[in-house]
Amino acid sequence: MPELPEVETVRRGLADLLPGREVQAAYQLESPKSFPNASADVEQFLLNSKVTAVRRRAKVLLIDLSSDYTLVIHLKMTGQLVFRGKTSFGAGHPNDSLIGELPDRSTRVVFEFADGSRLYFNDQRKFGWVKLMPTLEVPNIDFMKKVGPEPLEADFSLAQFRERFRRRANTNIKAALLDQTVVAGVGNIYADESLWGARIDPRRLVKSISDQEFDLLYNELRNVMNLAIEKGGSTDKNYVNAEGKRGSYMDFARVFRRENQACPRCGSKIIKIRHAGRGTHLCETCQE
DNA sequence: CACTTGACCTGTCCGC
DNA sequence: TGCGGACAGGTCAAGT
């Protein structure tokens with residue numbers, strides 16, 4: 001669920017909240033798997049270090065520390081990173097807060113800062129993870145070496161976009177969009193949304209897509225992701241930002257989770273099918 | 001090498 | 001009301 005716009009929203013929130021805070025304690029609740037290399041390194045390179053920056057690459061969050069180590073975090077499907085100030089517990093949450101008192105039963109890892117504030121890593125389905133590693137080694141992990149370019153970077157060109165898809169000529173366009181080695185950060189929501197915007201049927205083979213259609217898709221993907229960031233991401237079930245609040249992109253979605261509703265472009269009924277191993281939403285009338 | 005499928009988990013929903 | 005099964009979807013390993 002957290003895709004590029006959701007992870008970027010969390011990043012922006014944490015970038016406002018964390019830098020300068022000193023980690024005083026870090027511990028896991030119930031699930032050692034969420035923080036598998038929590039070991040001697042934690043004591044030496046995490047405790048008493050200050051957060052210096054919060055970065056993002058694809059769907060991965062990077063919290064840099066003054067020790068020259070980095071917390072590398074993947075939220076996968078149900079991960080949340082929620083910050084709570086020393087006194088912001090319990091009652092008084094804004095109406096759009098999705099979660100209440102923390103820790104809750106999905107809390108896996110807790111980071112405590114010297115000023116009494118805390119960062120909670122929650123993850124219902126336990127697919128997400130936190131790893132601590134030297135900052136200089138982050139670019140060397142397999143995922144970082146394979147992952148494609150950031151689609152919202154100013155220098156990401158249409159020519160580059162088309163070029164990246166050539167390696168997946170014989171698969172369908174939706175599977176290729178979801179492939180992180182082609183373009184970084186696209187998941188199920190924005191794949192369906194951008195294909196609708198470009199009027200492309202998700203089942204089409206990549207090699208059948210024309211230059212003009214790639215042009216449309218390139219623009220739609222960037223537009224839809226920029227809009228989603230502006231709306232604070234999509235909250236379908238679990239996703240919340242760094243303050244525990246929902247995102248509102250789902251109010252603007254054209255096809256995702258809108259099966260049986262009218263296509264906003266042609267009025268035909270939107271359908272949901274199983275494709276590329278995913279629930280896939282489309283309008284068969286205007287996506288060809 | 002290109003491509004597809006299943007596994008990893010838990011909570012929720014649907015049909016009987 | 002209880003219960004089994006399908007489903008949710010990011011990534012990687014294992015399969016064809």
Side-chain angles (χ1 to χ4, degrees), chain A residues 1-11 28-36 56-61 72-81 98-100 103-109 121-131 141-148 150-151 163-195 202-209 225 228 233-240 247 249-250 253 255-260 271-282:
Chain A
M1 256 174 258
E3 306 181 22
L4 187 155
E6 288 73 32
V7 179
E8 176 61 17
T9 301
V10 173
R11 187 201 69 76
Q28 300 198 66
L29 300 177
E30 182 245 321
S31 180
K33 183 182 162 184
S34 299
F35 197 176
R56 178 190 61 76
R57 177 74 170 99
K59 302 172 190 171
V60 178
L61 273 166
V72 183
I73 301 173
H74 203 305
L75 303 174
K76 290 290 180 86
M77 258 96 69
T78 56
Q80 305 171 326
L81 270 176
L98 192 57
I99 53 181
D104 64 24
R105 66 178 164 168
S106 74
T107 302
R108 309 294 172 206
V109 187
F121 177 69
N122 296 341
D123 186 18
Q124 181 182 97
R125 287 169 72 181
K126 302 183 185 175
F127 291 167
W129 43 259
V130 178
K131 286 171 188 160
I141 63 182
D142 285 347
F143 178 85
M144 293 298 177
K145 285 194 285 193
K146 292 188 309 190
V147 70
E150 290 289 327
E163 164 70 22
R164 301 292 304 179
F165 279 91
R166 272 188 208 144
R167 60 163 78 188
R168 304 299 307 271
N170 291 309
T171 193
N172 60 82
I173 185 66
K174 174 147 179 185
L177 265 175
L178 293 173
D179 183 343
Q180 299 299 295
T181 70
V182 175
V183 176
V186 186
N188 207 37
I189 299 172
Y190 304 108
D192 283 5
E193 289 288 289
S194 59
L195 286 166
R203 298 165 288 198
R204 294 258 306 277
L205 292 183
V206 170
K207 63 185 175 191
S208 81
I209 309 279
M225 284 192 160
S234 296
T235 298
D236 185 27
K237 289 198 173 71
N238 280 267
Y239 166 75
V240 292
Y249 178 82
M250 291 300 278
V255 285
F256 191 79
R257 287 290 145 76
R258 297 202 182 269
E259 59 268 30
N260 301 321
I271 62 167
K272 181 178 181 183
I273 60 174
R274 191 89 184 153
H275 178 245
R278 297 281 184 279
T280 297
H281 311 74
L282 72 150

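Everything numeric in this text was worked out from a predicted model, so none of it was measured. Per chain, numbering begins at 1; letters A, B, ... match sequence-line order.
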Which nucleotide, [options], lies nearest any side-chain atom of [X]?
{"X": "A/R168", "options": "C/dC7, C/dC12, B/dC3", "result": "B/dC3"}
{"X": "A/K76", "options": "B/dT4, C/dG10, B/dT10", "result": "C/dG10"}
{"X": "A/K59", "options": "C/dG9, B/dG11, C/dG10", "result": "C/dG10"}
{"X": "A/F143", "options": "C/dG9, B/dT4, C/dC12", "result": "C/dC12"}

[N] phosphate, OP1 or OP2, under 4.0 Å from [X] side-chain N/O:
{"X": "A/N170", "N": "B/dC3", "answer": "yes"}
{"X": "A/S106", "N": "B/dT10", "answer": "no"}
{"X": "A/H74", "N": "C/dT11", "answer": "yes"}
{"X": "A/K126", "N": "B/dT10", "answer": "yes"}
{"X": "A/Q180", "N": "C/dG10", "answer": "no"}
{"X": "A/R166", "N": "B/dA2", "answer": "no"}

- Message: Is there, by distance only and without an angle test, a donor paired with an acceptor across the side chain of A/R125 and the base of C/dA8 below 3.5 Å?
- Response: yes

Euclidean distance, atom [atom1] of residue [X] to atom [atom2] of [N] [Å, nearest integer]:
{"X": "A/R108", "N": "B/dC8", "atom1": "CZ", "atom2": "C1'", "result": "13 Å"}
{"X": "A/D123", "N": "B/dG11", "atom1": "CG", "atom2": "C1'", "result": "13 Å"}
{"X": "A/K237", "N": "C/dG10", "atom1": "NZ", "atom2": "P", "result": "13 Å"}
{"X": "A/R278", "N": "B/dT5", "atom1": "CZ", "atom2": "P", "result": "12 Å"}
{"X": "A/K174", "N": "C/dG9", "atom1": "NZ", "atom2": "P", "result": "8 Å"}
{"X": "A/E6", "N": "C/dG9", "atom1": "CD", "atom2": "P", "result": "12 Å"}
{"X": "A/I273", "N": "C/dA8", "atom1": "CD1", "atom2": "P", "result": "12 Å"}
{"X": "A/W129", "N": "C/dC12", "atom1": "CH2", "atom2": "P", "result": "8 Å"}

Counting distance only, does the side-chain N/O of [X] pair as donor-acceptor with the main-chain N or O of [Y] below 3.5 Å?
{"X": "A/N238", "Y": "A/Q80", "result": "no"}
{"X": "A/Q180", "Y": "A/G185", "result": "yes"}
{"X": "A/T78", "Y": "A/D123", "result": "no"}
{"X": "A/R274", "Y": "A/G277", "result": "yes"}
{"X": "A/E150", "Y": "A/A58", "result": "yes"}
{"X": "A/D192", "Y": "A/F256", "result": "no"}

Determine the interatomic distance between [atom1] on [N] and the same-named atom on [M]; round to the nearest Å.
{"N": "B/dG6", "M": "C/dA6", "atom1": "C1'", "result": "15 Å"}
{"N": "B/dC14", "M": "C/dG9", "atom1": "P", "result": "16 Å"}
{"N": "C/dG5", "M": "B/dA7", "atom1": "P", "result": "15 Å"}
{"N": "B/dG11", "M": "C/dC12", "atom1": "P", "result": "25 Å"}

- Residue mapping more 5' on DNA chain C - nearest nucleotide basis, A/Q124 or A/D142: A/Q124

- Item | A/H74 and A/W129 aromatic ring geometry - parallel, tilted or perpendicular at 30°/60° bounds | tilted

- Message: What's A/F256 touching, base or sugar-phosphate or nothing? Going by heavy atoms closer than 4.0 Å.
- Response: sugar-phosphate

- Task: Indicate, with a heavy-atom threshold strictly under 4.0 Å, whether A/G277 touches base, sugar-phosphate, or nothing.
- Result: nothing

- Pairing partner (Watson-Crick or G-U wobble, both distances under 3.5 angstrom) of B/dC9: none

- Aromatic-base stack, A/F127 on C/dT11, cutoff 5.5 Å, angle under 30: no

- Item | Closest-nucleotide ordering on DNA chain B, the 5'-leading residue of A/M77 and A/T171 | A/T171

